[in-house]
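Scope of the values below: all heavy atoms of this structure, side chains included, with no hydrogens, waters or symmetry mates. None of these values were measured; they are calculated from a predicted model.
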Amino acid sequence: MNPKYRKSLPQLSSKYLFLSDGGIETTLIFKKGLDLPQFASFPILYIENGEEILKEVYVAYVRVAMKHKTGIVLETPTWRASSSWVQKLGYPAEKVGEISKDSVKLLSKIRDEYENASTPIIISGNLGPLSDAYKSGESNSVEFAMKEYHDQIKGFSESGADMVSIVTVSNTNEAIAATKLAMKFDLPIMVSFSVETDGKLLNGKSVKEAIQQVDGDTESYVAYYGINCAHPIHFIQNVREMDLDT
């Protein structure tokens, strides 16, 4: 499967804001009534009518983008599909790459059906934290995290994802590891941090410090950064005061 936008992400050059999906796991639990052990959504791919359930969730976001004639980034349902998480859920580690490929295949079908000139659909291979997103996992080294994410990112590379992302991450080592692997497999990457009510990561770093650390260790490879799962009142002032040129 050939990637469509890997060499030129349209959200980086568009004059319009792009949408993204959001709350896939929350939607599956509270709106679809599904049980998600370990808050993992990828197992839905393998249940009866699972692809149709996921498609319905994603298409709802796509329709909003189409209504407003703007693009959208769809994230694969793989936030909990790194090696250790997959094994905790009873799957063999060897299945990680297959899960990546199956999830991209699902989103590719949605793109084939719904994309038009005013609504480009970018497929992003989604990575999540290796520990609880709201408990510090700073003990995880870059080397350990690279082993955890390797097969997942390799699968995204081979399956035609346009990019990868690591979201709700508070461990800069994990962000660095994912970025190094994205470099290895020639994939653009977005890094999105999770912050506390003081606007800082769990390890006490400011968003600016976290970005500088990741950029410094990865030749400024990250395509763009974000913040997710945090209320704007908790970080907007910090963002306004940032000067990344210093």
What one should report as the nearest heavy-atom pair of Tyr61 and Gly23 is OH-N, 4.3 Å

Smallest heavy-atom separation, Ala81 atom then Ile99 atom, equals CB-CG2, 4.0 Å

Are the side chain of Tyr91 and the backbone of Trp85 linked by a donor-acceptor contact shorter than 3.5 Å? no

Parallel, tilted or perpendicular: rings of Phe185 and His150 (30°, 60°) = perpendicular

inquiry  = Do Lys95 and Phe42 form a cation-pi contact, if we require the NZ or CZ to be under 6.0 Å from the six-membered ring centre and within 45 degrees of the ring's axis?
reply    = no

Between Val86 and Pro92 the two heavy atoms that sit nearest each other are CG1-O, 3.7 Å

- prompt: Is there a donor-acceptor pair under 3.5 Å between the side chain of Asn228 and the backbone N or O of Thr168?
  reply: yes

Requested in this report: Report yes or no: does Thr70 contribute a side-chain atom to a donor-acceptor pair with the main-chain N or O of Leu17 at less than 3.5 Å?
Outcome: yes

Query raised in the report: Do Arg80 and Glu25 meet the salt-bridge criterion of a basic N to acidic O distance under 4.0 Å?
Result: no

| request: Test Tyr225 against Val207 for side chain to side chain contact (heavy atoms under 4.5 Å, CB included), laying out the working first. | output: CA-CA 10 Å; Tyr225 287 90; Val207 174; over 6 Å; no

field: Contact check, side chains of Leu89 and Pro37, non-hydrogen atoms, under 4.5 Å
entry: yes

How about CD on Glu196, more than 12 heavy atoms from neighbouring residues, nucleotides or ligands closer than 6.0 Å, or not?
yes

Nearest heavy-atom approach of Lys7 to Asp186 is NZ-OD2, 2.6 Å

Next item on the list: Check whether any side-chain N or O of Thr218 sits under 3.5 Å from a backbone N or O of Val214 as a donor-acceptor pair, and report yes or no.
Entry: yes

Test log, rule side-chain hydrogen bond (donor to acceptor under 3.5 Å, both in side chains), inputs Thr78 and Ser103 = CA-CA 7 Å; Thr78 51; Ser103 64; 4.7 Å; no

Query raised in the report: Under the 3.5 angstrom rule, does the side chain of Ser100 hit a backbone N or O of Gln152 as a donor-acceptor pair?
Result: yes

| Under 3.5 Å, is there a donor-acceptor pair between the Asn126 and Thr76 side chains? | no

Go through the steps for Leu34 and Ile44 under the test side chain to side chain contact (heavy atoms under 4.5 Å, CB included), then give the verdict. CA-CA 9 Å; Leu34 296 171; Ile44 304 303; 3.9 Å; yes

- Item | Test item: Glu148 side-chain N/O and Ser84 main-chain N/O as donor-acceptor pair under 3.5 Å | yes

| message | Are more than 12 heavy atoms, taken from residues, nucleotides or ligands other than Lys69, located less than 6.0 Å from that residue's NZ atom? | response | no

State whether the side chain of Ser124 and the backbone N or O of Val73 hold a donor-acceptor pair below 3.5 Å, judged by distance alone.
no

Residues Lys55 and Glu113 bridged, charged N to O under 4.0 Å:
yes

Requested in this report: Look at atom OH of Tyr224 and say whether more than 12 heavy atoms of other residues, nucleotides or ligands are closer to it than 6.0 Å.
Outcome: yes

In terms of heavy-atom contacts, Leu201 and Ser170 come closest through CD2-O, 3.5 Å

